[in-house]
Amino acid sequence: MARFDFVIVGGGSAGSALANRLSSDPANSVLVLEAGRSDFPWDVYIHMPAALTFPIGNSLYDWKYESEPEPFMNDRRIYHARGKVLGGSSSINGMIFQRGNALDYERWASDPGMSTWDYAHCLPYFKRMENCLAGADEFRGGAGPLLLERGPVTNPLFGAFFDAVQEAGYPLTTDVNGYRQEGFAAFDRNLYRGRRWSAAKAYLHPAMSRPNLKVITRAMVTKVAVSGNRATGVEYTRNGKHISVDAGEVILAGGAFNSPQLLQLSGIGDPQHLESVGVSPVHELRGVGEHLQDHLEVYVQYSCKQPVSLNSELAFWKRPIIGAEWLFGRSGPGATNHFEAGGFVRSNDQVDYPNLMFHFLPIAIRYDGSSPAGGHGYQVHIGPMYSDSRGSVRIRSANPTEHPAIRFNYLSTEQDRREWVESVRIARSILSQAGMDPYNGGEISPGPSVESDQEILDWVAKDGETALHPSCTARMGIDYMSVLDPLTMRVHGLDGLRVVDASAMPYVTNGNIYAPVMMLAEKSADIILGNTPLPPEETKFYQFRNGDPLSPTGVF
């Protein structure tokens, strides 16, 4: 039986970073097991940024999860895309790079046992992983493997949007990942010279020539082998064969759905639930699969009076031209993700830092490319960032190929519903300012008939979609419902088993979660290797409660 020092389950975002860092010492043997396929360099749907709508819903790229009927959303099942290739969801996502707010990490650190996860301890790992092409400074890194281009925001609709947010009373900021997140700006994106820069591209492929690193695709791990209080290896299937591998350390990096699913399939979780689905309990941890958090979003769409939106690029006859421009010059409409700008605001002065996120898009269309509004248009993606709704991920049976039961419980709390009403009203306020007048052809969605608080909530329940940020289902902490030791990333009570992915987060951050996951992987790699951690950086960041000045303008 083969044996490796480290077996990483999942070749996605966190798994790619871990594979690179753990194999950097040639004395370590590392195996990566990825259930999906390779991100072939010729695959246009992965590497062309504007093609991001094509993989979603396609079983070649997407695991195609669905929630259970959501009781506060008319019993709808909410579709949830997850990457099924090397690079994981970083190979199919919107390529928006956001760290979250510094106070997110202060919130993490305020929980017992979590003091080493405050912003000062996380900042050096954010900087280590970044190559921010807009410029390095005390907040941003300039030599890391993740190349980040800032949105060019040349479409005139972006300029009008920036004018409108200021007219509505909200500031611009120079960098949502820098000193002050609050405000509106051009976004950093995981793009470089017109090509998606996924975790696999940044971390995994540069390391795959190392003789001590082995990557196997189409390998579905079905169980973590446990003997006594120690994980000893994994079992997986490939091409119809059942294979076992011994490991000095097993590291789960499958994400907020797959990691708790595999723990439960291995008998680690709530014994009562495990027995009810035919799995023999091995280790009791009632928090496995609990505390699921996510971001829900809607699109507030407007018709555009001038032919300046991206709608004309949707014409079928233009696709060969766009493809050729990208293929031969890495330029044109295919070379951008189009999510080039947006921002963060507080919906009221009772919150300490922004609780609403906006993505502006110069076209009216759904995230998966379906249901264009018709004609020229534009939209903002809007939603609350730290809802207190909590859900769960629980296996339905002992069958590892069966998707688990996923419940988000969107709109289930008073705070969640209140912030949704505030977010839609703020979006409308911004988009109805004079700065948008040259283009404002009227609201398409939800439309003028949706006005009262209840009508807004009814629309959100009918039209809301996930922003694809599942997290917190094997969270760090030291209370009885936590799963991971914050100092070691080990599963409580078990040696040789760690979890490093979005499921480890104690609270979802207020933004897209790719950047926090990569930071978590970088920091965890040092923990696992026993390296001296990077020293904390006590850098002053903007805090509304401290009375820090909120300057009205930014520079792009």
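The two atoms that bring Trp420 and Pro384 nearest to each other are CE2-CD, 3.3 Å, heavy atoms only. In plain terms, the two heavy atoms of Ile426 and Ser347 that are nearest each other are CD1-CA, 3.8 Å.
Using the six-membered ring where Trp is involved, Phe344 and Phe187 have ring planes that are tilted, between 30° and 60° apart. Ring-plane geometry between Tyr105 and Phe126 is classed as perpendicular, the angle between the planes exceeding 60 degrees on a 0 to 90 degree scale with a lower cut at 30. Note: His359 and Phe339 have perpendicular aromatic rings, judged against thresholds of 30 and 60 degrees for the angle between ring planes.
Inter-residue side-chain proximity for Phe4 and Val30 is flagged as unmet; no heavy-atom pair is nearer than 4.5 Å. Looking at heavy atoms from C-beta onward, Leu274 lies in side-chain contact with Ile395 at the 4.5 angstrom threshold. Using a 4.5 Å heavy-atom threshold, the side chains of Gln264 and Val288 count as touching. Side-chain contact check for Arg107 versus Tyr353: some heavy-atom pair is nearer than 4.5 Å.
No close placement of the His291 and Tyr507 rings is indicated, their centers lying 6.0 Å or farther apart. Ring-centre distance between Phe40 and Tyr45: not below the 6.0 Å cut-off. Between Phe541 and Tyr119, the distance from one ring center to the other falls under 6.0 angstrom.
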Let me see the working for Glu402 and Ser397 under side chain to side chain donor-acceptor pair (under 3.5 Å), right down to the final yes or no.
-> CA-CA 7 Å; Glu402 183 177 12; Ser397 71; 2.5 Å; yes
Between Tyr125 and Asp526, does a side chain to side chain donor-acceptor pair (under 3.5 Å) hold up when you go through it step by step?
-> CA-CA 10 Å; Tyr125 287 99; Asp526 271 355; 2.8 Å; yes
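Using a 4.0 Å cut-off between charged nitrogen and carboxylate oxygen, Glu522 and Arg21 count as a salt-bridge pair. Look at Glu284 and Arg286 and you find a salt bridge, because one of the NZ, NE, NH1 or NH2 atoms lies within 4.0 Å of a carboxylate O, short of that distance. Ion pairing of Asp453 with Arg425 is present here, as a side-chain N (NZ or NE/NH1/NH2) and a carboxylate O approach within less than 4.0 Å. Note on Arg490 versus Asp485: no salt bridge recorded, every NZ/NE/NH1/NH2 to OD/OE distance being 4.0 Å or above. Salt-bridge annotation for Asp352 and Arg545: present, with a side-chain N of the basic residue lying under 4.0 Å from a carboxylate O of the acidic one.
With Tyr61 as the aromatic partner, Arg37 meets the cation-pi criteria of under 6.0 angstrom to the ring centre and within 45 degrees of the ring axis. Cation-pi geometry between Arg189 and Phe97 is not met at under 6.0 angstrom from the ring centre and within 45 degrees of the axis.
The local environment of OH in Tyr79 is crowded, with over 12 non-hydrogen atoms from other residues, nucleotides or ligands closer than 6.0 Å.
For the salt bridge (Lys or Arg N to Asp or Glu O under 4.0 Å) with Glu68, the qualifying choice from Arg394, Arg77, Arg76 is Arg77, the only one to do so. Exactly one residue among Val7, Thr222, Val9, Ile216 makes a side chain to side chain contact (heavy atoms under 4.5 Å, CB included) with Tyr236. That residue is Ile216.
Ser198 contributes atom OG, which lies 8.5 Å from atom CG of Asn190 (distance to the nearest 0.5 angstrom).
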